[in-house]
Amino acid sequence: MNWSIVQQGIPTYEKAFMITLKLSFWGILGAIIVGLIVSFVRYFKVPVLQRILGAYVELSRNTPLLIQLFFIYYAFPELGFKISAEASGVSGLIFLGGSYMAAAFAGGLEGVPKIQVESGRAIGLTDWQLAQYVVLPQGLSLSIPAIAANVIFLIKETSIFTVVAIPELTNTALDQIGMLYDTNEALFSLVVGYAIILIPLSILLTWLERRARRGSFGN
Amino acid sequence: MANELLTVTHLVKNYGKKEVLHDINFTVEKGSVTVLLGPSGSGKSTLIRCLNGLEEFHGGQINFEDQTITPGFKKWQPLRQHIGMVFQSYDLFPNRTVIDNILLGPLKVQKRDKNEALAQARQLLKEVQLSEYENAYPRQLSGGQKQRIAIVRALTLNPDFMLFDEVTASLDPEMVRGVLEVIEGLAARKMTMLVVTHEMNFAKQIADKVLFLENGKIVEESSGHQFFEQPQTQRAQDFLSSMDF
Amino acid sequence: MANELLTVTHLVKNYGKKEVLHDINFTVEKGSVTVLLGPSGSGKSTLIRCLNGLEEFHGGQINFEDQTITPGFKKWQPLRQHIGMVFQSYDLFPNRTVIDNILLGPLKVQKRDKNEALAQARQLLKEVQLSEYENAYPRQLSGGQKQRIAIVRALTLNPDFMLFDEVTASLDPEMVRGVLEVIEGLAARKMTMLVVTHEMNFAKQIADKVLFLENGKIVEESSGHQFFEQPQTQRAQDFLSSMDF
Amino acid sequence: ATNNSSVSAIKKRGTIKIAVFGDLQPYGWVTKSGKRTGYDVYLARQIGKDLGVKVKFVQVNADSRVDALKSNKVDLVLANFTVTKERKQQVSFAKPYMKVSVGVVSKKSSPVTKASQLKGKKVIVTKGTTAEEYFTKHSNGVTLQKYDSKTQQFNALKNGRAKALADDNSYLFAWVKKHPTYTVGIKTIGPSQTISPAVKKGNTSLLNWTNKEITKLNKKGFFETNYNKNLKPYFGSDIKASDIIITNNK
Amino acid sequence: MAHSGINILFEGRNMVRLLGGLWISAKIAIVAIVVGLILGLILGALRTLHNPILRVILRLYLEFFRVIPTVVLLFLFYYILPQNFNINMGAESMAMLVFALWFAAEMSDIVRGGIISVSPHQVDAGKAIGLNRLQLYYYVLIPQSIQLMIPATINLVSRIIKTTSLLLLISVMDVINIGQQIIEANGQRYENGAFWVYGFIFILYFILCYPLSLWARHLERKEVVTANG
Ligand SMILES: Nc1ncnc2c1ncn2[C@@H]1O[C@H](COP(=O)(O)OP(=O)(O)OP(=O)(O)O)[C@@H](O)[C@H]1O
Ligand SMILES: Nc1ncnc2c1ncn2[C@@H]1O[C@H](COP(=O)(O)OP(=O)(O)OP(=O)(O)O)[C@@H](O)[C@H]1O
Ligand SMILES: [Mg+2]
Ligand SMILES: [Mg+2]
């Protein structure tokens, strides 16, 4: 390993790192919004919409992001629908992540004990008040560990953006390998780049899970 | 009779194809304590839950105050302010403090004045000797304390009728007494109550009327005194003798 | 005295920094029933679990039969065949039938002959009146039935000593009697037992000796008769009165 | 470590592993019946025949050609591998068998004919190609979009993801013949270069053998045959064999 | 375009080739799953022991495979192993190795989670009848947790199938790579060939993964029912 090569590459990787972060941020934010909508629609059993979103969830969960991206980026334009690489990446991440986030939220909502809903009813809360004061606050905090796990998962998935020529971390490293043949140095910078984002998140996740298991969120 | 708060007539309830309550008939007089006894699985919880709409029922009717309730009735929500209920499992909201648990109903459902509701809540907390826990979270309380708070939460809505479903069944034995004393206090103040319990001494002490349920039918209905001294049916006799070892 | 099965001397147990058992001393005579009473959290379960190595202890020693056990003792596994234990929670293995639950120890731990062990298991099942459930799975049984099977499972190992930790505490009230009767039967046959229970009537009936535990100390030790008729300490008196409502 | 890509090792094994493209018509590609074909593949088969061994094809992308050799995934690369100074430090090139230069393809309706027209525009390249190298060195305000494979890059061009696409002119000529709405507006940019077989550095045994083989094939006129068979049909009439292949050996 | 692009799928041997590519992906997934399952079961059980060194090592192993994106793992093994450790294997066996190690890492966490969720009372009860540690795992812990592990394991299998799409990037002739060859070779005859080929691959993956997700959900629901029984 040649450290001066690693050092020279830092500015390029910094840029790539920021792109990875930026796209992850928008993708995850979008996924959370989609996830909330989907989980609410399904929890409150909104007719029709519930079925449509159910079909979306199945498509999203049962196909790889790579193909989803190929589709958005390479195939859709053939049908006259074209968005930029970055927009394709973020849309792909939202399409994939939305269903995962929905599952995380649904897990939290279903994790609220039935007795909580019943005792809310027993003191006369309306359905909406029940959601507002009992189900959502408890359900959302129950779903935090699953959401954190999804965040890590989705950030890792951005590595696939390389196939649509977005100069994020993976694309940058592969480029360095292909053009300058600095394989070891490129892979080193790449792993460091992801580690900086993911290790703190992974520690946070472990902590959240332990907290959830110890029941600080519960009774 | 003008003195009846609740009348249940020919009530039927199914879970799917299984009929778990068959032709239930009884009345609850204002200011009286009715105790519901019966073996496990006989339908006590189901019956009590039908009375505030947590379960649907499928036949017969319930008259509560001036309301007539028939199967498919939808407007339970406003009615529930008049019917308090406390469950076996601790059912406080873990994400809210004791006082927030208590005030949720009065403020959000009844839209009452905050100061007035708070004053009432504090008074009741004092009566159950838990004033200092006003700002605690449920997880900081013992089981017995949680159940007393749950009773206060129900009472702060000023209900006309209280339902208790084995509220001491999950408690450590030494915690039981404190909770039962609170209920006794309510009885002394003529709160109308329907109580499911397995504490026979307590039932004996408190019951104006006993309903003995088995397999979803009321097999014996008598005054508290009579039930414990001279049970009419063989089944009730067996039940009572199995209870004291 | 040659008649002692178990002697505990100066036993100390910590959870982390918290000392939960302080200097515990007592003996259990062969063929006697010792009842361990005390408020919740006083350390009853912890003590009983130290006696068969489910918890480590940190000071003092235990003499069981001709074994001397000091802190850090590792060879509990063979010893446990001589010490049966039944817990509060139903602890049958849900993935095995009743008979497989019972035979697991005799066949896999003791490597006994299958027919011989089976014969013994069937005999015991008959005694607890559950012969027809031989091939049922635990989920098909009521709580009381499960606890009786758990007792049979422990007995089939032919233990010299039985530990019972609140074995009726999770049962529906009507199920309690059947289980207690089985334990009474064992007492009548002079099985040496240490029993934790909250059923005072039962304790009174069965106890040769009572140990009253509070905050990890034995605060009163007396004969069964004396404890219930004339408790020596104020604490024991309070405890007994809180128990009957 | 022993050289398990030496000629004797290959002969002993009975197979030679050769890296080729799979999506680069007409050099290395796969027909709809699943058969590998093209100018490089034809050469590869001949080499296998002359070595007396079977050929095992390993499909590579441009950016993995060096590593395929370095990590012993293949013995020989025949994947339109342009000889450059940087690459010479990584692998050993045998005698050249083709000429090449970077070209730029764009839409016929708004053709790019001068490099200066690309200023501030997006240009598509494949990672690890000489085109990428050229535009990285002489960027002049060009933004590069870097793809993994030829399929992806041509797809992106067709979808209008950039103003132009830069790659070896030899296959751009072929590509525009099939896609007549495009034109190779800049036929050559940067230096003229050559394409050679490559082996792992230090593998003199296979290197020497390959050099001799190319000389021998040249004498037999193999490359003309190969050109006529595999390339000619793909080029317009303005391209001559001598524009592409190298026949006289230095 | 008078002719429909869908015909690109039926030109020549295209369909057979695509399915052949799918088989390559499936083969890699199957080997990885079988090896990973066995390894994961052992590692997961080891992780429940109270040996701190073992715990740290296995935890690091898990974190390594969990933190690093699979694409990067593939490249790491693909480039680093042969060059720096002189281990040589084909891209396919290398992919099997990476996926198997990854699967084992994730599996070990599922197994550990399953085992520690068996009620401690069951462990006590097992000890109380004199079972030794191995017997405790064999007769009590593993059989009782297996039902809990199955849905998560099915989800993991579905994840690994989806992840085989990345094989494209390390030159394995998987279904997507073959799809690209087809798009390229037929590009001028079928202008929207990319749409149909990628669409077809999209559906192929869906057909493989959807039944798995249905099955996992069915088992999860059943579990809720039996847990209450
Ligand atoms: N959700 C349900 N679905 C189907 N059957 C149910 C359901 N809940 C209760 N049951 C059945 O209805 C009958 C009455 O149950 P219920 O809980 O009312 O009994 P209970 O008298 O309150 O018993 P316990 O003393 O154990 O609380 C039982 O046979 C029970 O199995
Ligand atoms: N795993 C543990 N870690 C820390 N403290 C514990 C643990 N288990 C029990 N304790 C503490 O040890 C003390 C004794 O508990 P133990 O369960 O033995 O009481 P007990 O007399 O059996 O009570 P109960 O009647 O409720 O079963 C309590 O203060 C309890 O909080
Ligand atoms: Mg009930
Ligand atoms: Mg205990």
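Residue numbers begin at 1 in each chain, while the letters A, B, ... track the order of the sequences.
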Report, by ascending residue number, the residues of residues 123-144 of chain E in heavy-atom contact with chain C at a distance under 4.5 Å; give 'none' if the set is empty. Asp124(E), Ala125(E), Gly126(E), Lys127(E), Ala128(E), Ile129(E), Gly130(E), Leu131(E), Asn132(E), Gln135(E), Tyr139(E), Val140(E), Pro143(E), Gln144(E)
Please state whether the side chain, the backbone, both or neither of Leu163(C) comes within less than 4.5 Å of a heavy atom of chain E. neither
So what's closer than 4.5 Å to chain E heavy atoms on Ile83(C): side chain, backbone, both or neither? backbone
Rounded distance [0.5 Å steps], CZ in Phe87(C) versus CD in Gln122(E): 10.0 Å
Specify which of Val109(C), Leu92(C), Asn52(C) makes the most heavy-atom pairs with chain E at under 4.5 Å. Val109(C)
Can you tell me if Gln129(C) has over 12 outside heavy atoms packed within less than 6.0 Å of its CD? no
Should the heavy atoms of other residues, nucleotides or ligands under 6.0 Å from CH2 of Trp76(C) be counted, would the total exceed 12? yes
Just list the side-chain donor-acceptor pairs under 3.5 Å for residues 22-29 of chain E, sequence neighbours left out, or say none.
{"unit_1": "Ser25(E)", "atom_1": "OG", "unit_2": "Gly21(E)", "atom_2": "O", "d": "3.2"}
{"unit_1": "Lys27(E)", "atom_1": "NZ", "unit_2": "Glu92(E)", "atom_2": "OE1", "d": "3.4"}

Listed by number, the residues in residues 93-102 of chain E that come under 4.5 Å of chain C (heavy atom to heavy atom) are none
CD (Gln67(C)) with more than 12 external heavy atoms under 6.0 Å: yes
For residues 160-170 of chain E, which side-chain donor-acceptor pairs fall under 3.5 Å, sequence neighbours excluded?
{"unit_1": "Lys162(E)", "atom_1": "NZ", "unit_2": "Arg61(A)", "atom_2": "O", "d": "2.4"}
{"unit_1": "Lys162(E)", "atom_1": "NZ", "unit_2": "Tyr100(A)", "atom_2": "OH", "d": "3.0"}
{"unit_1": "Thr163(E)", "atom_1": "OG1", "unit_2": "Arg159(E)", "atom_2": "O", "d": "2.6"}
{"unit_1": "Thr164(E)", "atom_1": "OG1", "unit_2": "Ile161(E)", "atom_2": "O", "d": "2.4"}
{"unit_1": "Thr164(E)", "atom_1": "OG1", "unit_2": "Tyr205(E)", "atom_2": "OH", "d": "3.2"}
{"unit_1": "Ser165(E)", "atom_1": "OG", "unit_2": "Lys162(E)", "atom_2": "O", "d": "2.8"}

Note: vs chain E, highest number of non-hydrogen pairs under 4.5 angstrom among Gln77(C), His82(C), Met85(C) is Gln77(C)
